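In what follows, a single structure is set out as C-alpha cells and then discussed.
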Amino acid sequence: MEKRRAFILFLLIFASVLLHSQNQATCWHFGEGCSLNFGSVPPLAQSNPNINSLSACASISDKSGNLMFYTDGVSLWNADHEIVPGDYQLRGSQNINANSIFVPFPENDSLYLLFTIGKQEDSLNLYYHLINSNLNNYKGGIVYGKMLHKQVMNRITGYFNCNNGSYRIITQSADTALFYTYEIDLYGLDTNCIRSIAPGNLLPNIGYMKASPDGKKLLVPVNKANILASVYDIDSESGQLSKLFDLYRENLTYAFGCEFSPDGRFLYISTGGENYELLQFDLSSKNEIKVNESKTKITEGNVYGLQLSIDGKIYINCLNTPFLHVIHQPWKKGPDCEYESKAIELKGGTSQMGLPVFIQTWFYKPLFRMNGFCLGDTTDFQYETVIDHDSLLWKIFGSNGEIVSYKNKWKFSHIFEDTGRYHASLEVYHCQHTFRSEENFFVHPIPQIDLFTDTMVYTGQFEITLNASYDSIYWWIGSFGNTVELPVPGEYGVTVYKNACQASREFRLDFKGSQVFFPTAFSPNNDGVNDVFKPVVSGQIDCYQLLIFSRNGTQVFESNNIQDGWDGNMNGHIGKNNTYCWIARYCIDDGRERNKEMVKKGVVYLSR
C-alpha cells in the first residue's frame, strides 16, 4: 500500500537515533486546577488555574522531564502556562472521556503531534495538529491542524512500535465495527490507517481504551449484554488487532477507567452503573474462563479514571475531592497490590473523572525477583517480565559502591560477604527505550543459638528458655515458643527464625540428681502398655505421697509407695473415662540440696 505522508520533517538537527524516555510523562495537568510533577518522590502537587477538565486532558514533557505542553482538548498551553498561538482550533470536546494525546516525533525534539477528538455538528471526528516548540521564542506554536477521520468514538490510546521505531495511536469507529490505527515515524504521520475488526453493537462513548505498556494488548470497554470489556492482541508487525477474550459483567455495571500493570500481567477496571468497584484481572492465562475467574475486587466506591505513572504506580480519580487514590504495587495479585485510598493530596485542585492520556509504552517497568537474603546463602536474581529485550544490565551496589554487574543474563546468583543494606538495579534496553527497575534489600546475619552447649546437665530443672528476640522458635518435639519443658534425658533439637533466616541446633540433655515426671494419660485395659498411672523417676525419691481425685473432689486413690500406681479402679469399681486431678509430694536430691521437698499438681485422662 502506498503511504501518504501528512508532512516531511524539516529542521532535522539530530542525525543519530535518540532514546525515548519515560520522562516525557513526568508532568501531569488535569481535573479542576490540578498539577502533579513526578520528578520528585512523592510527586509534587501544585495548583494550575488554567486547567478545568472534567475527564479529557493530555500533557507532554521533554526527555529531561521538563513540561512542554498540556491541553484539555479545547486550549493548548505551553510550559509558561500561556496559550500556544495558532490559526487552527483544536476542536476537542470536554464531553469526551479521552479527547487528546501528544505524540513526539521519533527523531526530533522540537516537533509534536497533538491528536484530538472533537464534535462537529452531530459527529465526533479525529483531528491532528503539528506543534513546533521552537516557534515564538521557543514557547511553541501550532503550525497547522487537519481532520484525520470522521465519526470516531471518544477513545484514544497510543504505544511505541518496536519493529520500526514508530508510534501508533488507536481509536475506534463510531459507525462501523472497526479500529483505526495510525502510525507516526521519522517521516511524519501516515494518513492511511490500519483497520481492524472491533466489537459491534457496543454501548458507545462510555469508558477509556488502553494499550498495555509492552504494546501487546488493548483493552476496549463494551458494556453490552454480558460483556464488560474485551482484550485484544496487537500484532507488532502489522498493527492488526485480534480479540483474545471477553471480560464478563454483572447486571448493568459498565467499565469506565482501565489500566494495565507495568508488566502487562494484571488489568484494572473501575466500574459504574449498579456497582462502583475497582476490579483486578490476571491476564497471565489466555483462557477466557480462567481470566474471568481471576477477577478480584480491590475496593469499591469513588473510583473513576486510572493512569499509570513513571514511578510504576497507578493513580485513580476520586471525584470532586482534592485527592487521588494509588495502587502502589499493581504488578502484585489481589490485596498485595497495596491499594491506598486518598494517598495523594492535590494542593489547590480538585480531582474529576479523568487523568492525562499518554503513550503507554513510557510506563513499562522491567520486574525482577530476588530470593535468599541470609549471609552465606545464595541470593538469586531473575528477570520476571516476559517482554522481548535487546540487552540487560544488572548492577548490585553496597555501602562502598558497585559490587558486581552482569550483562545479558536472564538470571544469576550471588553470595554476599557481609550483612547490610544493598541496592539492585536492572536496565532493559529494547526498541530504542531504556527501562530501569530498582530495589533495596537487606542481607541479614544467620541467627545464633548460644544459650547452651551441645551437651547440658540439668539439675532439677525442666524448662529451657531462649532469647525472645527471635521471630519464631520451633522445638523438634513439636512445640513453639521461647520456653520448652523437656521431661526426660535424651537427644533434642531447636530451629530459630529471624528476618527469614534460620539456624538449627541439636543437643543432648542429661539430668543430674533426681527427677519425677507424671504422664498426662493412661489406659488401664490390661494390654501391658501404660496400664497404671504413676510417675517416671530417675534418682532417689523419698517421703512420697500421691493423691488422686475425681472431678467432684472425691478422693479415689492414695499411695505412699512410689512403685504403686493407680489402675483406674475406685473402691473395687471400674473408673469411668474422664479427667482426674492429682497432687504429689516427695523429697528429692536435685544436685544442690538433699531431701528437697517438692509439690506437684496436675490432671490425668483415663481412657480404656
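Residues take their numbers from the sequence shown, with the count starting at 1. Only heavy atoms go into these numbers, but all of them, side chains included; no hydrogens, no water, no symmetry mates. Remember, it's a predicted structure, so these values are computed and weren't measured experimentally.
A donor-acceptor contact shorter than 3.5 Å is absent between the side chain of T157 and the backbone of R155. Remark: the backbone N or O of C34 is not paired with any side-chain donor or acceptor of N48 at under 3.5 angstrom. The backbone N or O of N125 lies less than 3.5 Å from no partner atom in the side chain of S123, so there is not a single donor-acceptor pair. Between the side chain of T116 and the backbone N or O of L90, at least one donor-acceptor pair lies under 3.5 Å. The backbone N or O of L324 sits nowhere less than 3.5 Å from a side-chain atom of S351 that would complete a donor-acceptor pair. A donor-acceptor pair is defined here as one N or O able to donate and one able to accept, closer than 3.5 Å; such a pair exists between the side chain of N78 and the backbone of K139. Formation of a donor-acceptor pair under 3.5 Å by the E338 side chain with backbone atoms of Q329 is not found in this model. At distances below 3.5 Å, not a single donor-acceptor pair connects side-chain atoms of S47 with backbone N or O atoms of G348. Side chain of N154 to main chain of I117: no donor-acceptor pair is present (N/O by atom type, distance under 3.5 Å, no hydrogens or angles). Using a distance-only test at 3.5 Å, with no hydrogens or angles considered, no donor-acceptor pair links the side chain of Q352 to the main chain of L319.
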Report task. Before giving the answer on side chain to side chain donor-acceptor pair (under 3.5 Å), spell out for N287 and S285 the whole-Å C-alpha distance, their side-chain angles and the decisive distance to 0.1 Å. Result -> CA-CA 5 Å; N287 181 280; S285 170; 5.1 Å; no
Query raised in the report: Going through the checks in order, is the side chain to side chain contact (heavy atoms under 4.5 Å, CB included) test met by D246 and N226?
Result: CA-CA 9 Å; D246 293 322; N226 67 328; over 6 Å; no
Requested in this report: Show your reasoning for whether side chain to side chain contact (heavy atoms under 4.5 Å, CB included) applies to Y182 and H149.
Outcome: CA-CA 11 Å; Y182 289 92; H149 211 293; 3.0 Å; yes
Requested in this report: I would like to know whether Y159 and I234 meet side chain to side chain contact (heavy atoms under 4.5 Å, CB included); could you show each step before the answer?
Outcome: CA-CA 10 Å; Y159 66 97; I234 302 176; 3.2 Å; yes
Report task. Report the C-alpha distance between M153 and T171 in whole Å, list the side-chain angles of each, state the deciding distance to 0.1 Å, and finish with yes or no for side chain to side chain contact (heavy atoms under 4.5 Å, CB included). Result -> CA-CA 7 Å; M153 299 190 71; T171 189; 5.6 Å; no
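Around the NZ atom of K395, the shell of radius 6.0 Å holds no more than 12 heavy atoms that belong to other residues, nucleotides or ligands. Heavy atoms of other residues, nucleotides or ligands lying less than 6.0 angstrom from CD1 of I197 number 12 at most. Enclosure of atom CG in N408 by more than 12 non-hydrogen atoms of other residues, nucleotides or ligands within 6.0 angstrom is indicated.
Proximity of W77 to L67: side-chain heavy atoms (C-beta onward) are nowhere separated by under 4.5 Å. Within the 4.5 Å cutoff, the side chain of S100 has heavy atoms near those of the L114 side chain. Side-chain contact between Y232 and S196: absent, with no pair of heavy atoms (C-beta onward) separated by less than 4.5 Å. Counting only heavy atoms from C-beta outward, the side chains of D282 and F266 approach each other to under 4.5 Å. By the 4.5 Å heavy-atom criterion applied to side chains, F256 and N97 are counted as neighbours. Within the 4.5 Å cutoff, the side chain of F260 has heavy atoms near those of the L283 side chain. Contact annotation: the side chain of F323 never approaches that of S341 to less than 4.5 Å [non-hydrogen atoms, C-beta and beyond]. V326 is not listed as a side-chain neighbour of Y339, based on a closest heavy-atom distance of 4.5 Å or more.
Between atom CG of residue L111 and atom CG of residue L186 there is a gap of 12.0 Å, rounded to the nearest 0.5 Å. The distance from atom CZ of F368 to atom CH2 of W394, rounded to the nearest 0.5 Å, is 6.0 Å. For the atom pair S309 OG and W362 CH2, the distance stands at 12.5 Å (nearest 0.5 Å). How far CD1 of I131 is from CD1 of I142: 6.0 Å, rounded to the nearest 0.5 Å. Taken from CD1 in I51 to OH in Y70, the straight-line distance is 6.5 Å, to the nearest 0.5 Å. Note that the CG atom of L306 and the CD1 atom of I269 stand 9.5 Å from one another [nearest 0.5 Å].
Side-chain contact check for D175 and S173: at least one donor-acceptor pair (N or O, by modelled atom type) lies under 3.5 Å. Side chains of E288 and Y248: a donor on one and an acceptor on the other come within 3.5 Å. The closest side-chain donor-acceptor pair between S166 and N164 falls under 3.5 angstrom. With no hydrogens or angles considered, a side-chain donor-acceptor pair links D263 and S261 at under 3.5 Å. Looking at K333 and Q280, their side chains never bring a donor and an acceptor atom within 3.5 Å of each other.
The aromatic rings of H81 and H29 sit perpendicular to each other, their planes meeting at more than 60°, with 30° as the lower class boundary. Taking the six-membered ring where tryptophan is involved, the planes of F38 and W28 are tilted, since the angle between them lies from 30° to 60°.
Among the candidates D185, D190, L189, the single residue satisfying the side-chain contact (heavy atoms from CB on, under 4.5 Å) test with Y187 is D185.
The minimum heavy-atom distance between Y208 and S55, with the atom names listed, is OH-O, 3.3 Å. Between E259 and L308, the closest heavy-atom pair is OE2-N, 2.8 Å. Between Q382 and W410 the shortest heavy-atom distance is NE2-CZ2, 3.6 Å. Nearest heavy atom pair, residue T271 against residue N275, reads OG1-O, 2.6 Å. Minimum heavy-atom separation, L355 to G305: CD1-O, 4.0 Å. The minimum heavy-atom distance linking S61 with M68 is given by the pair C-CG, 3.7 Å.
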